Amino acid sequence: MKLFIDSGNIKDIEAAAALGIIDGVTTNPSLLAKEPGDYRQNLKRICQIVKGPVSGEVTATDTSGMLQQGHDIASIDEHMVVKVPLTRDGIKACKALSGEGIRVNVTLCFSAAQALLAAKAGATFISPFVGRLDDVGTNGMDLIREIVEIYGNYDFSTEILVASCRHPIHVIEAARLGADIATCPPAVVDQMFNHPLTNIGLEKFLKDWEKAQAVKA
Ligand code: E4P
């Protein structure tokens with residue numbers, strides 16, 4: 001299973017990449033809007049850091065605008081993936097860009113029917129948003145289960161990129177269901193490391209070791 005960082009922050013991405021467990025990055029207009037500097041240069045820097053798929057999203061809402069922006073985003077770096085929303089125009093743009101060999105991540109997916117459309121349009125990645133579904137009282141992981149089943153039935157090559165992960169349980173459930181990727185904010189990656197018994201255990205090992213050294217000295 002691949003783990004992506006959901007962030008546009010260079011420092012956070014550098015820190016996550018240094019751990020050696022990050023396979024790619026997802027950004028969106030809200031995340032990039034928070035960062036200083038030119039967004040194209042920021043995306044280029046992110047590609048240099050992770051050397052894996054980096055999603056940059058179009059802001060146009062019509063197919064021709066999406067294609068124009070999509071070509072520009074793809075030209076930033078070979079690692080760039082063009083993110084388009086799951087609308088009629090977005091699906092048309094996905095089909096056209098994928099046909100040109102440009103990788104597309106179809107985002108804002110909230111139903112299995114939408115995921116099927118993205119696969120039909122040749123998407124490289126589909127991004128179902130589990131946290132935002134949970135927010136409105138619908139179990140986000142049920143959607144992942146449905147997509148895994150549907151894509152498996154037909155051997156679609158579109159990768160399931162579980163997005164809007166809010167805590168480690170989303171990541172664990174995504175892995176148990178066989179999703180290809182989970183994209184997590186840096187805070188969720190931090191939470192994945194933490195366990196009080198690890199800290200307590202390490203502290204005891206080190207104390208016991210020090211005590212034994214003092215006796216021998
Ligand atoms: C994924 O590509 C999106 O950027 C992201 O996961 C959205 O997460 P949010 O619902 O926490 O904003």
Side-chain angles (χ1 to χ4, degrees), residues 1-10 12-13 16-17 21-35 39 42-43 46-47 49-50 52-61 66 69-70 73-74 76-77 79-87 90-91 93-94 97-98 102-111 114-115 117-119 121 123-144 147 158-175 177 179-192:
M1 188 200 196
K2 287 174 266 188
L3 204 55
F4 285 9
I5 283 283
D6 195 31
S7 173
N9 184 275
I10 306 283
D12 284 349
I13 292 166
I21 47 134
I22 296 304
D23 303 290
V25 172
T26 49
T27 69
N28 62 42
S30 305
L31 290 171
L32 288 180
K34 287 192 235 168
E35 304 304 325
Y39 82 95
N42 290 344
L43 286 171
I46 293 169
C47 289
I49 297 165
V50 298
V54 175
S55 292
E57 190 164 341
V58 299
T59 51
T61 53
M66 287 182 193
Q69 291 183 355
I73 289 168
I76 294 173
D77 189 277
H79 294 297
M80 286 305 302
V81 173
V82 177
K83 216 175 182 192
V84 302
L86 213 155
T87 59
I91 288 296
C94 174
L97 291 167
S98 300
I102 294 173
R103 291 178 300 170
V104 178
N105 175 357
V106 179
T107 189
L108 292 169
C109 170
F110 294 97
S111 78
Q114 291 179 324
L117 296 173
T124 301
F125 304 105
I126 181 68
S127 290
F129 278 38
V130 292
R132 293 193 195 187
L133 279 171
D134 289 355
D135 290 345
V136 296
T138 302
N139 188 334
M141 296 318 300
D142 286 347
L143 172 59
I144 304 306
I147 302 173
T158 304
E159 292 189 53
I160 303 169
L161 195 173
V162 179
S164 188
C165 291
R166 301 277 166 79
H167 44 67
I169 293 173
H170 277 149
V171 184
I172 293 163
E173 286 301 310
L177 291 170
D180 301 282
I181 308 153
T183 188
C184 309
V188 173
V189 176
D190 279 346
Q191 289 172 329
M192 289 172 74

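One-based numbering, in listed order, for ligands and for the atoms of each. None of these values were measured; they are calculated from a predicted model.
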Worksheet item: Below 4.5 Å, heavy atoms only, C-beta onward: do R103 and L97 meet side chain to side chain?
Response: no

Discussion item. Is the shortest side-chain heavy-atom distance between V50 and C47 below 4.5 Å?
Written reply: no

Fill in: Donor-acceptor side-chain pairing of T26 and T183 below 3.5 angstrom
yes

Fill in: Distance-only donor-acceptor check, side chains T59 and Q69, under 3.5 Å
yes

Discussion item. List the protein residues in contact with ligand 1, where contact means a heavy-atom separation under 4.0 angstrom.
Written reply: D6, T26, N28, K83, F129, R132, A163, S164, R166

Discussion item. Would you compute the distance between atom CE of M66 and atom CD of E57 and round it to the nearest 0.5 angstrom?
Written reply: 9.0 Å

Response to the item:
So CD1 of I73 and OG1 of T27: to nearest 0.5 Å the spacing works out to 8.0 Å

